[in-house]
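Encoded as structure tokens, the structure appears first; notes follow it.
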Amino acid sequence: MDMPKELETTGTFVRGPALVTVAQLPDFDEIIDARSEGEFAEDHVPGAINYPVLNNEERARVGTIYKQKSSFEAKRVGAALVAANIARHLQESLHDRPRQWRPLVYCWRGGTRSDAFAHVLHQVGWRAGRIDGGYRAYRRAVVDELAILPARIRLKVVCGLTGTGKSRLLRAIEEAGAQVLDLEALAAHRGSLLGSLPGEPQPTQKMFESRVWSAIRSFNPARPVYVEAESRKIGELRVPEALIDAMWKSECVVLEAPVAARVALLKEEYSHFFEDVEALNGKLQRLVPLHGHAVVDGWKSLALAGRWDKLTAELLARHYDPAYTRSIGKHYPNLDQAPKLRLAATSPDAFAALARECLAVRADHGKAKA
């Protein structure tokens with residue numbers, strides 16, 4: 001009897017979904033996270049879609065039955081819930097996937113949940129796969145690779161005082177076709193005391209590391225990667241140790257701007273505080289140990305009076321610039337010899353021109369060193 005083609009692979013039967021490694025993620029069309037929405041929110045493979053086979057409440061319910069009754073009863077209840085959820089996903093979310101679609105499924109340990117989902121997808125006729133070891137194997141790969149990958153890319157660090165437009169320059173560099181690692185975008189934070197983004201909480205530490213890992217893996221190691229100089233922490237998140245170490249050892253370019261331009265840029269970036277002075281003053285209160293009550297109370301009064309230009313200029317002169325100068329000099333001892341760029345205006349066209357200049361400077365600098 002002839003073997004159906006979909007069950008034949010180099011003379012052997014394909015008995016179920018293929019077990020694959022994290023390195024094989026790009027081989028699949030879609031990555032399905034079969035864990036609960038709570039597990040997914042903490043961290044997941046970048047780009048994965050969450051189709052839980054047990055949601056938060058169902059997972060807790062099955063766990064309670066396991067502890068209070070028996071393993072058998074928990075499996076019986078859990079199997080019914082898993083079957084119903086997989087059926088719903090097939091009918092609602094996956095009903096339009098083509099015959100050649102290749103899904104990859106994972107759960108916490110690569111066990112029951114992903115096995116059940118991948119098995120059904122395989123029976124439908126899709127070439128489904130399952131991550132061997134599940135999320136735990138993925139997480140180990142992220143941690144291990146973040147310890148070595150940063151040293152394999154050529155970083156070019158954009159340095160400059162607060163408000164000089166480093167993040168905007170990075171975006172313009174990326175639009176010009178260069179490779180950019182935007183850590184503040186990945187961390188959902190601008191990196192300073194006032195850097196939290198309105199309405200956008202920071203990801204978990206694990207999710208941030210997943211985003212960094214995914215970005216670094218996407219780069220062509222033969223081309224430089226531009227990144228903004230950062231502290232060890234961006235908001236509440238820690239930059240991976242090997243990455244911050246690689247940044248400190250890399251070449252850099254310094255972006256300069258007059259105070260008036262810096263004030264204008266910062267007012268645009270932090271305009272949401274104009275409508276929430278109470279929140280701003282709450283953050284300024286945290287500077288009392290550094291500057292004393294009298295100074296901070298003066299800044300709060302400027303905020304209440306809406307004197308944004310004066311407040312911004314004072315914060316730059318008395319807090320941000322001294323702190324940045326101490327930190328950057330410690331980590332980039334050859335900063336004085338780095339190429340310097342001057343921001344002439346704050347328009348998109350000005351940043352586009354500056355990006356072209358930055359890319360040209362780096363190329364010329366590299367040739368000069370060679």
Side-chain angles (χ1 to χ4, degrees), residues 153-192 194-195 197 215-216 218-231 234 243 246-248 250-272 308-309 312-313 315-317 320-321 324-325 327-329 331-332 334-370:
I153 56 176
R154 293 192 296 128
L155 293 169
K156 307 293 184 181
V157 184
V158 178
C159 302
L161 295 171
T162 300
T164 51
K166 299 184 294 294
S167 296
R168 295 197 188 194
L169 177 58
L170 275 189
R171 291 194 290 270
I173 289 173
E174 188 170 32
E175 290 171 0
Q179 297 184 135
V180 166
L181 178 60
D182 192 337
L183 292 173
E184 293 185 0
L186 299 179
H189 198 282
R190 294 192 177 99
S192 66
L194 307 178
L197 303 182
I216 293 178
S218 72
F219 294 136
N220 179 351
R223 299 170 55 209
V225 176
Y226 291 82
V227 62
E228 180 178 344
E230 301 288 354
S231 302
I234 303 177
L243 176 58
M247 290 167 62
W248 289 344
S250 298
E251 297 179 22
C252 53
V253 59
V254 178
L255 179 58
E256 299 177 336
V259 173
R262 295 168 63 196
V263 169
L265 284 173
L266 288 170
K267 284 170 59 182
E268 289 182 23
E269 295 287 346
Y270 296 93
S271 60
H272 53 283
W308 303 114
D309 284 16
T312 305
L315 284 171
L316 288 175
Y320 284 108
D321 288 2
Y324 188 89
T325 301
S327 175
I328 203 72
H331 300 308
Y332 296 93
N334 298 319
L335 194 67
D336 290 342
Q337 287 75 49
K340 293 178 173 58
L341 301 173
R342 182 76 172 174
L343 180 67
T346 61
S347 66
D349 287 344
F351 276 101
L354 199 63
R356 292 191 293 270
E357 183 181 350
C358 181
L359 296 175
V361 166
R362 299 313 304 162
D364 292 343
H365 184 65
K367 290 176 182 176
K369 286 189 68 176

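Just the heavy atoms: all of them, side chains too, but no hydrogens, waters or symmetry mates, feed the values below.
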Correct closest heavy-atom pair for L181 and V227 would be O-CG2, 3.4 Å
| task | Determine whether F219 and L155 make a side-chain contact, defined as any pair of heavy atoms from C-beta on separated by less than 4.5 Å. | result | no
Any side-chain heavy-atom pair of L315 and T162 under 4.5 Å:
no
### Message
In the structure I gave you, are the side-chain heavy atoms of P258 and R342 within less than 4.5 Å of one another anywhere?
### Response
yes
When rounded to the nearest 0.5 Å, the distance separating OG1 of T325 from CG of L161 is 5.5 Å
Smallest heavy-atom separation, R154 atom then A222 atom, equals NH2-O, 3.0 Å
Closest heavy-atom pair, M247 versus L183, reported as atoms and distance to 0.1 Å, is SD-CD1, 4.1 Å
Quick one: side chains of residues 169-176, donor-acceptor pairs under 3.5 Å with protein atoms, not counting sequence neighbours, listed by atom name and distance.
none

Practice item. For Y270 and S192, test the side chains for any donor-to-acceptor distance below 3.5 angstrom and give the result as yes or no. Key: yes
Closest non-hydrogen atoms of F351 and G165, given as atom of the first, atom of the second and distance, are CE2-O, 3.4 Å
What one should report as the nearest heavy-atom pair of P339 and V253 is O-CG2, 3.3 Å
- Using a 4.5 Å cut-off on heavy atoms from C-beta on, say whether the side chain of Y324 contacts that of C159. yes
Taken in chain and number order and not counting sequence neighbours, the residues that satisfy side-chain contact (heavy atoms from CB on, under 4.5 Å) with A313 are V263
So the salt bridge (charged side-chain N to carboxylate O under 4.0 Å, His left out) pairs with at least one residue in residues 257-272 (sequence neighbours excluded) are R168-E268, R168-E269, R190-E269, R262-D321, K267-D309
